[in-house]
Each structure stands twice: as structure tokens, then as C-alpha cells.
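Ligands are counted one by one from 1 in listed order, and the atoms in each one are counted from 1 as well.
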Amino acid sequence: MATRSLLSISNLTTGDINRLIARSIELKKGKSSRLLSGKVLALLFEKPSLRTKVSFDVAMHQLGGHTIYLSQSEVGLGKREPIADVARVLSRYVNCITVRTFSQSLLEELAHHASVPVINALTDEEHPCQALADMQTIVEKKGKLKGVNIAYVGDGNNVAHSLMLAAALTGANFRIGYPGGYEPKAEIVARAKVFAAKNGGKIQLLHDPQEAVTGADIVYTDVWTSMGQEAESEVRRKVFAPYQVNQKMLTLAHKDVVFMHPLPAHAGEEIEAGLLDSPQSVVFDQAENRLHIQKAILEELLIN
Ligand code: NVA
């Protein structure tokens, strides 16, 4: 990998993404690897988690390594102890630190002071492990990334940011349909547009969800209220109501459209009830691919 830590999708090159996907697909086929025997991964989590926590734990176990889970109350990042000291102490014990936290700058500060690789397991700004699992899922379902039309409907959040950057780096076209005031960060959009221009893709920002999904190969959505935004959930439920992904909306997409969601999902909010079980849905493949792609990430960061 061009980087020793994975803090953002933009730390990766197009070649890195393609190689990680290829290795993940190999590992998924059952190619066994105990390459991380004796290695230890710390899981430092300040927000709840199901998929990320379990998939990293299982990934390390299957690769011959071990994990230590540290919750917010145990560590008190930046409160009980300065971030720099947590990073320096953990670096003396473990081979890699996986962090789920709020601010991207806290993650960057921690990585700056750590002498072992750091992996972003979700911040308010990005969710790179999810985006890589999503790209693998698209390759499996569509046979390629270049030229695939991805439509994301909803909040311009962490999941949208990483997906947009991953699409831009791999030559996929990315459209986002979002309500005014909930746009993706301008700096990330600008970065994605530079990557897209280089790789032959297109990034489009739209307000009309119907226009966003028209002709799409992939329709993707995420929760309206992300972790940490719970106080806004009532307002968000109203603002995002026209952005619900349902079968009616999917009729505007390509006839072979695939529906994606990082989970957890809320039926009756961002998706209509039953959509996860529809023939178009690949959400549980996405969830499974978290395990395989994270093994590929761990191998690259911990062995090379
Ligand atoms: N946007 C969501 C993603 C959860 C995987 C959140 O940050 O809560």
C-alpha cells in the first residue's frame, strides 16, 4: 500500500484498491492464510459497532492473530489520557490500532503519534473499510467498477464520502441525491472530482432523488441519522422523507439494479419495509465482504 495507515480512501491509489479487492476475493474463496500469527490488533471504539467489531475480530482470529477491544469508558481518549500518549503506549504493545471515533482530526492525531499502522473503522467523515467492501461487492455483481453508475440517495455523510472517493479512484460514476443543507463536504467533493477526472469517471451532486437514481446500476442509501446525531433525528426524519429508497424509486434505475446499504437499516425510514429481502438487495454480501477485505487490509499493513 502507498500508505502505512488507512485513515481515508484517499490514502489509497487505484492500484491499491484493485489489489485489495483481488486479494479479498481470493481469501473469500477459502485460500487460507495464517500470516498474522502472533500479531495483535487493538480495537479502540468510541461508538457502537456490530459488523466492524465482529469482522475485525474474526479476521484477526482466522489470520492467526489476536484482538483487544477497548471501549470509550476504558480509554477515555483525550479525556482520561492525551491522544498522543494513548497512541504511544498502544504502539509499544500492539501491531496495529483500529479506531472508531467522531472526529477525523482526532484519528489523524492518533495516527501521527502512533508508530504502528492505524485503521479508520469509521469517523464522522469517512468509513473506508465499508467503501472497500462495497467496491468488492460491485465487482462481484457487475464484473467491473469502471463506468458503473452508482447513485447514493440521502445524507452526505461518512459513508457517502468514502463511497464517492472510492468510485472516483476506480473510474465509476457517482451521483448523490441529497436535501439542501445535508451535502457532502466540499473539500471531499473537490478531491473526488480530481480523482474522477484522472480515472474517467463523473461526480454529480443533485437534489432530486429520482433524477439521481435514473439509469443507475447501483442504488445505495444509508441511515438518515448517523451515530452522534441522535438529537437531530426528528428533524431529519421530516427532511429526508422524500429520499426514502423504495421499489417505486428502483423502477427508475437500470433493470438489473443492485440495492446497497451499509447497515444498520431502518425500515420505514431510509428504506421501505421489505427492501433488504428484495431480489435486488446485496446488503448481506456487503456485510460479509467486510470480513474478507479487512483481512486483505490487515495483511498489507502488517506484513509489508
Ligand atoms: N452513517 C452511519 C454509518 C453506520 C455504519 C453512522 O455513522 O452511524
Side-chain angles (χ1 to χ4, degrees), residues 6-9 43-59 69 71-72 77 98-107 119-137 150-167 174 176-179 181-185 188-189 192 209 218-237 239-240 243-245 259-271 275-276 281-291 293-294 297:
L6 177 58
L7 308 182
S8 160
I9 283 286
L43 297 168
L44 194 52
F45 277 35
E46 296 201 293
K47 291 179 179 178
S49 173
L50 172 69
R51 278 150 293 280
T52 306
K53 180 179 170 185
V54 176
S55 56
F56 266 113
D57 201 6
V58 173
Y69 179 77
S71 69
Q72 185 179 25
L77 256 186
T98 300
V99 185
R100 169 166 287 197
T101 188
F102 295 85
S103 95
Q104 184 76 13
S105 60
L106 184 153
L107 174 80
I119 299 175
N120 180 350
L122 184 145
T123 60
D124 290 345
E125 196 165 301
E126 275 209 53
H127 197 3
C129 297
Q130 180 67 53
L132 291 169
D134 297 339
M135 292 294 120
Q136 176 183 339
T137 311
I150 304 172
Y152 175 101
V153 180
D155 192 15
N157 62 14
N158 45 9
V159 167
H161 289 154
S162 291
L163 189 68
M164 183 190 313
L165 290 166
F174 183 87
I176 175 167
Y178 64 94
Y182 296 87
E183 56 280 334
K185 257 180 101 170
I188 292 186
V189 175
I218 311 289
V219 172
Y220 197 119
T221 193
D222 185 20
V223 292
W224 292 341
T225 300
S226 286
M227 291 179 274
Q229 299 171 333
E230 290 77 9
E232 301 170 25
S233 62
E234 218 174 294
V235 175
R236 285 173 170 267
R237 262 198 292 275
V239 175
F240 282 98
Y243 292 79
Q244 185 190 71
V245 176
F259 167 69
M260 299 179 78
H261 191 306
L263 304 175
H266 303 96
E269 290 190 22
E270 78 276 6
I271 55 161
L275 201 64
L276 292 192
S281 165
V282 298
V283 299
F284 298 105
D285 297 317
Q286 282 175 268
E288 180 187 336
N289 286 339
R290 295 289 306 278
L291 170 66
I293 203 82
Q294 286 161 200
I297 295 167

For [atom], closest protein heavy-atom neighbour:
atom: atom 3 (C) of ligand 1; result: D222 OD2, 3.7 Å
atom: atom 7 (O) of ligand 1; result: N158 ND2, 2.8 Å
atom: atom 8 (O) of ligand 1; result: M227 N, 2.8 Å
atom: atom 5 (C) of ligand 1; result: L263 O, 3.6 Å

So Y69 and F45, would you call those rings parallel, tilted or perpendicular, with 30° and 60° as cut-offs?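 Y69 vs F45 ring planes: perpendicular.
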Measuring only between side-chain heavy atoms, which start at C-beta, is T52 closer than 4.5 Å to Q130?
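They are not in side-chain contact.
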Might you point out which heavy atoms bring K47 and L122 nearest each other, and give the distance in Å?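 Heavy-atom minimum between the residues: NZ-CD2, 3.5 Å.
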Q.
Distance under 4.0 Å to a non-hydrogen atom of N157: what atoms of ligand 1 satisfy this?
A.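 Counting atoms of ligand 1 from 1, those under 4.0 Å from N157 are 1 (N).
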request  = Show which atoms of ligand 1 fall inside a sub-4.0 Å distance from at least one heavy-atom site of V223.
outcome  =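 In order of number, 1 (N), 2 (C).
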Query raised in the report: Looking only at heavy atoms, is any part of L122 under 4.0 Å from ligand 1, and if so is it the side chain, the backbone, or both, or is it neither?
Result: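 Side chain only; the backbone of L122 stays clear of ligand 1.
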S226 and ligand 1 - part of the residue with a heavy-atom distance under 4.0 Å: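 It is both backbone and side chain that touch ligand 1.
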Could you tell me if the ring centre of Y178 sits under 6.0 Å from that of Y243?
->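 Ring centroids of Y178 and Y243 are no less than 6.0 Å from each other.
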Under the side chain to side chain contact (heavy atoms under 4.5 Å, CB included) test against R51, which residue among E288, R290, Q294 passes?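 Single pass found, and it is R290.
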Knowing that exactly one of E269, R236, Q229, H266 qualifies, which makes a side chain to side chain contact (heavy atoms under 4.5 Å, CB included) with V223?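 Only match with V223 under side chain to side chain contact (heavy atoms under 4.5 Å, CB included): H266.
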Does ligand 1 have an atom that lies less than 4.0 angstrom from a heavy atom of D124?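 Checking ligand 1 against D124, which is what was asked, there is no heavy-atom contact under 4.0 Å.
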| message | With ring pair (Phe, Tyr, Trp, His ring centres under 6.0 Å) as the criterion, how do Y220 and F259 come out once you've worked through the C-alpha distance, each side chain's angles and the decisive distance to 0.1 Å? | response | CA-CA 6 Å; Y220 197 119; F259 167 69; 8.0 Å; no
